[in-house]
Amino acid sequence: MSDATITAPDEHEPIDDGLDHLGLEHQTSTGLSNTKLAMWMFLGSECLLFGGLISTYMLYRNRSGTGVGPDQLWDIPFTSASSFVLLMSSLTMVLAVSAAKRKDDQRTRVWLTVTALLGGLFVAGQVYEFTVFYREGLGYTTSLFSSSFYTLTGFHGVHVSVGIIMLMSLVGMLLTGRIKGDKSETIEMVGLYWHFVDIVWVIIFTLVYLIPA
Amino acid sequence: MTMTTDTASVESTNGADAGTGADEHESHDVTDRQYIIIALLLAVLTAAEVAVSYLDLGAWLVPTLLVMMAIKFVTIVGYFMHLKFDSPIFKAVFWVGVGMSVVLYGIMLTTFHFFVT
């Protein structure tokens, strides 16, 4: 009997369930957003993934055997234009995050769509580049150079494509009002991923394309 | 039941109130105009990188390109990803990942005599 008296909750006492019932905010031990912390940890681990792929390429870039090598293939003006497109997509992404923080849904949708289009243009450029290389005799298994090059740039291209899917999903969710909780944080998380994809390309562009083999 | 936060950027991240949250963000972080200026500077730096790659700088070519690449990397992480204004915990988590990657693969490349000319 006495146990029931001790454990019975006071119905007027606020329930500490980790949620702010007005803003759905999580209380965390660090005072920081767990979602954002998880995203930064994910990006930190992605550094190791791309570090491995870039290092492998650097080791094998001179191992083209009798096939075509990087110096005969690279079209620097074309790749520079692709790099510029991806860089500008980072600008439009950050403008989308900024608009989301101002709670300007219309501009957020516009900038997210422009970012996805620029990302699509970059991927299209990469597909074109791969097609040209293949026609010039550089298949995936032609040499250690070709395998490491296609793996590195292909992985990056997949990351960009995943980013485009996330951006378009965000636009759809904004249109239908299906984003729960803080919209700007959700958009900021996709933004962090997108900028990460951009900084990886900054490294690939310099190490793979600009520094001579 | 409210979150305890120290900086305006963290408050804005976690959904501070609609009116003041955005204003605080603008005043503590970067404005849209500044983002555009940063992007233009990055574009100019990219063009400079390409121009440098065509120059005959000899032994200075690779270090020059690496420094320009690092400037672009840090600028995007610091301003576009807001890490410059964010919590030290986020900074630690990301830069530890970058540092581990550089050290680990630096050792790997050294082991395979990559730096031997």
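A note on names: the letters A, B, ... follow the listed sequences, proteins ahead of strands, and every chain is numbered from 1.
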Can I get a per-line list of side-chain donor-acceptor pairs under 3.5 Å for residues 42-56 of chain B, giving both atom names and the distance, sequence neighbours left out?
from  : atom 1 : to     : atom 2 : distance (Å)
B:T46 : OG1    : B:L42  : O      : 2.8
B:T46 : OG1    : B:K72  : NZ     : 3.0
B:E49 : OE1    : B:K72  : NZ     : 2.8
B:E49 : OE2    : A:T206 : OG1    : 2.7
B:S53 : OG     : B:V50  : O      : 2.6

Residue B:M108 versus chain A: region with a heavy atom under 4.5 Å: side chain
Under 4.5 Å from any heavy atom of chain B - which part of A:S45: neither
Side chain / backbone / both / neither for A:M58 at chain B, heavy atoms under 4.5 Å: both
Shortest non-hydrogen contact from A:F205 toward A:S83: CD1-OG, 3.3 Å
B:L65, part contacting chain A, at a heavy-atom distance under 4.5 Å: both
Closest-packed option against chain A by number of heavy-atom pairs under 4.5 Å, given B:F94, B:F73, B:F80: B:F80
A:F196 versus chain B, the contacting section by heavy-atom distance below 4.5 Å: both
Other residues, nucleotides, ligands: >12 heavy atoms within 6.0 Å of A:R63 CZ: no
Where at least one partner belongs to residues 155-168 of chain A, residue pairs that pass side chain to side chain donor-acceptor pair (under 3.5 Å), sequence neighbours excluded: A:E46-A:H159
Side-chain touch A:T142/A:V68, heavy atoms, less than 4.5 angstrom: no
Output side-chain donor-acceptor pairs under 3.5 Å for residues 73-80 of chain A, partner residues at least two apart or in another chain, one line each.
from  : atom 1 : to     : atom 2 : distance (Å)
A:W74 : NE1    : A:V208 : O      : 3.0
A:T79 : OG1    : A:D75  : O      : 3.1
A:T79 : OG1    : A:E129 : OE2    : 3.4
A:S80 : OG     : A:I76  : O      : 2.6

Per-residue contact mode, B:I36 against chain A (heavy atom under 4.5 angstrom): both
Spatial distance of atom NZ (A:K103) from atom NZ (A:K183) [nearest 0.5 Å]: 8.0 Å
Sole candidate of A:T108, A:I187, A:I165, A:L175 that passes side chain to side chain contact (heavy atoms under 4.5 Å, CB included) when paired with A:L170: A:I187
Under-4.0 Å salt bridge between A:K36 and A:E188: yes
Closest-packed option against chain B by number of heavy-atom pairs under 4.5 Å, given A:A99, A:S90, A:G52: A:G52
Interchain contact, B:V96 with chain A, by part (heavy-atom threshold 4.5 Å): neither
Which of B:Y79, B:F112, B:Y105 touches chain A most, by non-hydrogen pairs under 4.5 Å: B:Y105
Under-4.0 Å salt bridge between B:D32 and A:R107: no
Which of B:S101, B:A39, B:G97 touches chain A most, by non-hydrogen pairs under 4.5 Å: B:S101
Contacts with chain B made by residues 113-126 of chain A (heavy-atom distance under 4.5 Å), listed by residue number: none
B:I107 and its side chain to side chain contact (heavy atoms under 4.5 Å, CB included) partner, picked from B:T111, B:L109, B:L104: B:T111
